[in-house]
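Inspection log for the structure reproduced underneath, given as structure tokens.
All chains are named by letter (A, B, ...) in the order of the sequence lines, taking the proteins before the strands, and each is independently numbered beginning at 1.
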Number of protein chains: 2
Amino acid sequence: MKDIENILSTPRNQAEEVRALQDTIYVIGGKWRLPIINSICNGNKRFREIERSIPGITTRMLSRELKEMELNKIIKRTVYPNSPVLVEYESTEYCTTFGDIILEMIKWGIEHRKMIAKKY
Amino acid sequence: MKDIENILSTPRNQAEEVRALQDTIYVIGGKWRLPIINSICNGNKRFREIERSIPGITTRMLSRELKEMELNKIIKRTVYPNSPVLVEYESTEYCTTFGDIILEMIKWGIEHRKMIAKKY
DNA sequence: TTCATTGGTATACTCTGTGATACTGATTAC
DNA sequence: GTAATCAGTATCACAGAGTATACCAATGAA
């Protein structure tokens, strides 16, 4: 039972919204992308440094995600061929576009924890 | 090689941020939570209505997620025992706290699509 | 009469994201 | 001489997220 307004205006925007939402989820999906982006944006450059900054992540997952994010130009990887080799990860402009999402998610997480703490 | 500032100030906030971020990811993880929340917040109340509003979702996934989200008080489920039975899903206050996150993700998705479109 | 709709459940399957553990070769610290 | 650090790679294995398909009983529409 859809009326005309419904058909002409609302659904179109809704459809676009879901699509956009699903696109975003696809790009930043998984447990690790956003924490890694956040870590690098916070100035962590070295592999082990990033690893230590994210509780629970394994070497393997970090390695995999970094590789894919480099391919997708989300981050930049630079090798300085000293010995021992020095590797640095940096955020790109593209990377910074996730800033607002991450910020909102951090805000939510902090509020959520406060709520839980208050309850018990 | 950590200096004193590093140990005393920055890492503490960073640690809280990652934790908050990871908490949030845990709660809204997966492909379907946010699209479902968004759909319900947009006024979709009936099961099939929600199902149709989210491209790609299956009956089973929707059913599972709705059940769990009801347990977690993210949504409210009401049964009107007419015949045939009528079921309605509604957002709760808790549900609306995800609003800003969803908004930012929609914004990102739309921008992203524009970028891609421009490129090719 | 037949079909579609509603709100799901049942069953069986895939698959991949994630985890655990171990290892590398070079270098520096103790 | 031993341990630790660096930046990863290699294997193996698993749970559970997600997919596909069919089905139910009741109702209303064509």
Closest to the [X] side chain: [options]?
X: A/Thr59; options: D/dC6, D/dG8, C/dG8; answer: D/dG8
X: B/Phe47; options: D/dA10, C/dG8, D/dT19; answer: C/dG8
X: A/Lys67; options: C/dT6, D/dT9, D/dG8; answer: D/dT9
X: B/Arg52; options: D/dT19, D/dA10, C/dT6; answer: C/dT6
X: B/Trp32; options: D/dA17, D/dT19, C/dT18; answer: D/dT19

Between B/Gly29 and A/Val85, who's closer to the 5' end of DNA chain D by nearest nucleotide?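 Counting from the 5' end, the first nearest nucleotide belongs to A/Val85.
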Could you state the atom-to-atom distance from [atom1] of [X] to [atom2] of [N] in whole Å?
X: A/Arg60; N: D/dC12; atom1: CZ; atom2: P; value: 12 Å
X: A/Leu66; N: C/dT18; atom1: CG; atom2: P; value: 14 Å
X: A/Tyr80; N: D/dG8; atom1: OH; atom2: P; value: 13 Å
X: B/Met61; N: C/dA10; atom1: CE; atom2: C1'; value: 16 Å
X: A/Leu86; N: D/dT5; atom1: CG; atom2: C1'; value: 13 Å
X: B/Leu62; N: D/dA17; atom1: CG; atom2: P; value: 16 Å
X: A/Tyr26; N: C/dT16; atom1: OH; atom2: C1'; value: 12 Å
X: A/Glu65; N: D/dT9; atom1: CD; atom2: P; value: 13 Å

Under 4.0 Å: is that the gap between some side-chain N or O of [X] and OP1 or OP2 of [N]?
X: A/Arg77; N: D/dG8; result: yes
X: A/Arg33; N: C/dT18; result: no
X: A/Ser63; N: D/dG8; result: no
X: B/Arg64; N: D/dA17; result: yes
X: B/Tyr89; N: C/dG8; result: yes

Close side-chain approach of A/Ile50 to A/Tyr89, heavy-atom, < 4.5 Å: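 The answer is yes, as the side chains (C-beta and beyond) meet within the 4.5 Å cut-off.
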A/Leu62 side chain reached by A/Phe47 side chain, heavy atoms, under 4.5 Å: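 A/Phe47 vs A/Leu62: side chains touch.
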Donor-acceptor pair, B/Arg33 side chain versus B/Val27 backbone, under 3.5 Å?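 Yes: the side chain of B/Arg33 pairs with the backbone of B/Val27.
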Run B/Glu51 and B/Thr58 through side chain to side chain contact (heavy atoms under 4.5 Å, CB included) and show every step you take. CA-CA 7 Å; B/Glu51 190 178 21; B/Thr58 57; 6.0 Å; no
Any chance the side chains of B/Thr97 and A/Glu111 put a donor and an acceptor closer than 3.5 Å?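 Short answer, no.
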